[in-house]
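Taking it in order: structure first as C-alpha cells, then the write-up.
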Amino acid sequence: MQAMMPLQLAPSSPRRAMPAADSELLRALPIAAAVVSLDGEGEMALDAWNARFIETITGGQKHLDARPIIRAAAAGPLGTFIKTYLNDPANAPSETERQDGSGVHMRYFRLKLAPLAASEGARSRCLLSLVEETQQRRAQEHLKTQMLQCSLTGLPNRLAFTDAIEAVAGDEARAEGYAILLVDLLRFSRINQSMGSVVGDELLISVASRLVGGLRDGDMLARVGGNEFGILYSVKGGASDALAAAQRIARLIEEPFTLSDLDIRVDGAIGIALLHHGEDGEELFRNAQFAIKQAKAAGTPTIYEPEQAVAARRRFSIETELRRALERDELDLAYQPLIELKTGRVTGFEALARWTHEDRGEIGPAEFIPVAEESGLILELGRWAMDKAARTLASWDNAEGQALPINLSVNLSAIQVARDNVSEMVGSTLKTHQIGGERLTIELTESAIVQDPGRATRVFEQIKSLDANLAMDDFGTGYSSLAYLQRLPIDLLKIDQRFIKGMLSDDDSIAIVRAILGLADALGMKTTAEGIESGDLAETLTGLGCVHGQGFHFSKAVDAKRALAYWRAREEKALREGKIDASPVMRVRHG
C-alpha cells in the first residue's frame with residue numbers, strides 16, 4: 001500500500017499529520033475510504049486514503065496520480081456536498097450518488113460520510129467512503145430493458161407501451177395529438193393449434209415486421225399481449241384521422257402471410273382510444289381494449305365511447321348485485337294472466353322475474369336477464385324461477401283446497417338449454433311441489449333451437465316425457481326452420497307483440513299474424529298473442545282464431561296473491577255471463 005500523505009484540496013490548506021488511529025482505521029476498512037477535514041478558515045483537505053480509494057477513483061489503476069481527479073471532483077458538486085456536511089454534520093445530508101464518464105464508460109458511485117473526532121489543525125473531520133455501483137446499475141438497466149421488451153419480436157412490451165402513453169398524456173402540448181390503436185389478431189389461437197406454435201411465432205414476427213413498415217417516424221409499435229399489438233399514433237385530424245389510420249392498418253394485415261409454403265390470412269379487430277391530457281396511461285390502454293370488444297361486434301375499427309364504458313360498468317355492477325340478490329332470495333316473480341279469448345277466463349299465468357333493488361329501485365328484466373346470461377347466473381336464476389313458480393302454484397291449490405285448472409308458464413333461456421340438465425331440474429321441481437307436468441308450460445325462444453338443434457330436440461323430448469307443455473316464445477322474429485316446427489314436440493306458438501300491436505294499422509302485420517295462426521292450426525298447435533292492449537285487438541284476434549292472449553288490456557303482471565284473486569274474479573265473471581260451466585272449484589265456492 002502506498003504511503004498515505006495529506007492531499008490539499010485548496011492551495012492555502014495547511015498540511016496536517018494523520019493520527020495513527022486514522023491510519024489503522026483506513027487499513028482495516030474493506031471499502032474505499034478517505035479522511036476529509038475542514039480547517040479553521042473553511043478550507044477542505046483530503047488528509048488520507050487507503051489503496052482501495054485510489055483504485056476505485058482511477059478505475060483500478062493503482063499507480064495513476066489521483067490528485068487531479070480528486071481536485072476536479074472537489075471543485076464541483078462533490079466538494080460542496082462534503083463541505084456542507086463538515087460545516088454542519090448534524091443537519092446536512094450524509095449520502096449522495098455520483099456518476100462519471102459517458103456512454104459505455106459511465107461509472108456510478110455511492111458516497112457516504114461519517115463524522116470523526118477533530119484533530120490538530122482541523123475544525124471538523126469525516127470519513128468518506130466510496131462504493132462503486134457500476135455493475136449493479138448496468139445489471140439493473142439490462143433487466144429493465146428485458147422487462148420492457150418482447151423477447152420474440154424485439155418490440156416494446158405492454159409495460160413500456162403504457163409508460164409511453166403516460167408520458168405523452170402528461171405532456172399538455174402533445175397529448176391531444178395522439179391516439180392508441182390496439183390490434184387483436186382474430187383466429188390466431190386456431191392457427192397456433194392447427195399449425196403449431198413455431199408457425200404461430202413466425203406469424204407474429206411477420207405481422208410485427210409488416211406493421212413497422214407501415215408506420216411513420218415517431219409512431220410507436222409494441223406487442224402488448226399474446227396476439228395483440230399496440231400503436232401510439234400521432235393524429236392531426238382527431239377521430240377521423242385515427243379511423244383512417246386504423247383502416248389502413250387493417251388492410252395491411254389482411255394481405256396473406258406466406259409461412260411454411262402456406263398463404264395464411266388473418267383478420268384484426270382494432271380498438272381506438274383518443275388521448276387527453278392528464279389521463280392515466282393504464283386507463284387509456286383499457287379504454288382501447290374496451291373498444292376492441294366493440295370492434296369485434298361491429299366488424300370495423302371502433303373508437304372508445306365513454307357512455308359505452310359506463311354501461312359496461314353498470315352491467316358488471318348489476319352482475320355482482322344480482323349474484324348477491326339470488327343468494328339472499330331478494331328477487332320475486334310476478335304473474336301475467338293468460339286469457340282464453342272466446343270465454344274471457346284465465347287459463348294460466350306467465351311467471352316473470354322481478355327485481356326491486358334497495359338502492360336502484362326497479363331493475364327491469366330487459367336489463368338483468370342479458371347480464372345473467374352473459375355471466376352464467378342464468379342457470380341459477382332459471383332454477384330459482386322454476387322452483388318459485390311451482391311453489392306458488394302449490395300454494396294456490398292449498399288455498400283453494402284442490403288442484404286448480406291453472407297452468408303456469410316459465411321462461412327458459414337458450415343458455416340453460418345448452419348448459420343445464422333441464423329435464424332433471426323440471427322433474428325434481430314437479431316432484432318436490434307435487435305438481436303434475438301438464439300444469440307447467442316451458443317457454444323457449446327460437447335461439448334455443450338454432451344454437452344446437454340436436455341438443456334442443458333431446459331436451460324437448462325429455463320435457464315432454466314429464467307431461468309438461470312446450471311453447472315457442474316471440475315466434476316470427478327469429479330464424480327457426482319450419483322443419484323444426486314439424487319435427488319438435490311444440491304445443492304452443494306465442495306471436496310476438498311487434499306484430500300484434502301493428503295489426504289495426506298495418507295490413508302486413510295482419511297478414512303475418514294470419515299466416516302464423518294458419519301454420520299453427522295446420523301443425524296442431526295452439527296460439528297465444530302477446531301485447532294485447534285494447535279490446536279491438538282482442539276481438540280481431542278472436543275472430544282470426546287465436547286461442548289465448550295476454551297484455552295490459554287484461555292485466556299487467558301482478559304478485560301471487562293478486563293473481564289468484566284475479567283468477568277468481570274472471571271465473572265468476574265468465575260463469576255469470578254463461579260463457580263457462582261452473583268448475584269444480586267454483587261449485588264448491590258457490591255451494
Side-chain angles (χ1 to χ4, degrees), residues 335-352 405-412 438-446 449 468-482 484-486 488-558 563 566-567 569-571 573-575 577-581 583:
Y335 303 88
Q336 185 168 39
L338 301 172
I339 307 297
E340 189 176 62
L341 293 177
K342 280 187 177 180
T343 63
R345 70 185 300 190
V346 177
T347 59
F349 293 88
E350 180 180 359
L352 301 168
I406 295 177
N407 183 286
L408 272 188
S409 296
V410 181
N411 292 278
L412 207 62
E438 73 282 355
R439 301 179 68 195
L440 180 67
T441 297
I442 306 297
E443 294 191 12
L444 304 108
T445 60
E446 297 175 52
I449 303 171
N469 303 293
L470 284 170
M472 181 173 287
D473 198 10
D474 300 333
F475 184 75
T477 63
Y479 308 96
S480 61
S481 165
L482 293 181
Y484 293 151
L485 293 181
Q486 187 178 26
L488 294 174
I490 296 171
D491 303 292
L492 174 72
L493 296 183
K494 298 194 73 174
I495 307 172
D496 188 80
Q497 60 182 326
R498 278 174 283 186
F499 302 122
I500 301 301
K501 289 182 177 180
M503 283 180 58
L504 300 182
S505 58
D506 181 13
D507 291 341
D508 290 340
S509 292
I510 290 183
I512 291 172
V513 171
R514 193 189 301 274
I516 294 173
L517 292 171
L519 177 65
D521 184 61
L523 294 174
M525 299 176 184
K526 294 181 179 180
T527 50
T528 296
E530 299 179 297
I532 299 176
E533 296 184 353
S534 70
D536 289 342
L537 269 177
E539 290 180 10
T540 301
L541 287 162
T542 303
L544 291 174
C546 186
V547 179
H548 295 95
Q550 68 184 104
F552 288 171
H553 171 64
F554 303 109
S555 172
K556 64 179 182 179
V558 295
Y566 184 84
W567 172 80
R570 296 289 296 201
E571 284 287 289
K573 182 174 185 294
L575 182 62
E577 294 174 352
K579 294 182 178 180
I580 60 171
D581 295 330
S583 66

To the nearest 0.5 Å, how far apart are OG in Ser409 and CD in Glu443?
4.5 Å
For Ala557, the side-chain contact (heavy atoms from CB on, under 4.5 Å) test, sequence neighbours excluded, returns Ala334, Gln336, Leu352, Arg354
Are the side chains of Ile490 and Leu444 in touch, meaning some heavy atoms are under 4.5 Å apart?
no
Not counting sequence neighbours, which residues clear side-chain contact (heavy atoms from CB on, under 4.5 Å) with Lys342? List them please.
Thr542
Between Thr441 and Asn407, is there a side-chain donor-acceptor contact under 3.5 Å, judged purely by atom types and distance?
yes
Can you measure from CG (Leu541) to OG1 (Thr528) and round to the nearest 0.5 angstrom?
10.5 Å
Validation row: Gln550, Phe349 side chains within 4.5 angstrom (heavy atoms)
no
Might you point out which heavy atoms bring Pro337 and Lys556 nearest each other, and give the distance in Å?
CD-O, 3.9 Å
Show the numbers, then the answer: is there a side-chain contact (heavy atoms from CB on, under 4.5 Å) between Leu338 and Val346?
CA-CA 6 Å; Leu338 301 172; Val346 177; 5.9 Å; no
The reported gap from CG in Leu492 to CD1 in Ile442 (rounded to nearest 0.5 angstrom) is 12.5 Å
Taking side chain to side chain donor-acceptor pair (under 3.5 Å) as the definition, give me every residue that meets it alongside Ser509, ordered by chain and number, with sequence neighbours left out.
Asp506
Do the side chains of Ile339 and His548 get nearer than 4.5 Å, heavy atoms only?
no
Residues at least two apart in sequence or cross-chain that pass side-chain contact (heavy atoms from CB on, under 4.5 Å) with Ala520, listed by chain then number, are Leu493, Met525, Thr527
Just so I know, are the side chains of Val513 and Ile500 near enough to count as touching, which here means a heavy-atom distance under 4.5 Å?
yes
Residues that Thr540 engages under side chain to side chain donor-acceptor pair (under 3.5 Å), provided they are two or more places apart:
none
Partners of Ser555 by side chain to side chain donor-acceptor pair (under 3.5 Å), sequence neighbours excluded?
none
Under the side chain to side chain donor-acceptor pair (under 3.5 Å) rule, collect the residues that match up with Asn411, sequence neighbours excluded.
Glu350
Answer yes or no: is there a side-chain heavy-atom contact under 4.5 Å between Met503 and Leu544?
yes
Flag the pair Thr347 / Pro405 as yes when at least one side-chain heavy-atom distance between them is below 4.5 Å, and no otherwise.
no
Are the side chains of Phe475 and Leu519 in contact, using a 4.5 Å heavy-atom criterion?
yes
Pairs in or reaching into residues 512-541: which pass salt bridge (Lys or Arg N to Asp or Glu O under 4.0 Å), with residues at least two apart or in two chains?
Lys494-Glu530, Lys501-Glu533
Calculate, to the nearest 0.5 Å, the distance between atoms CZ and CG belonging to Arg570 and Leu575 respectively.
13.5 Å
Say you draw a straight line from CG of Asn469 to CG of Asp491; how long is it, rounded to the nearest 0.5 Å?
5.0 Å
Between the OG1 atom in Thr445 and the CG atom in Asp496, the distance rounded to the nearest 0.5 Å is 11.0 Å
Less than 4.5 Å apart, side chain to side chain, heavy atoms only: is that true for Phe554 and Leu341?
yes
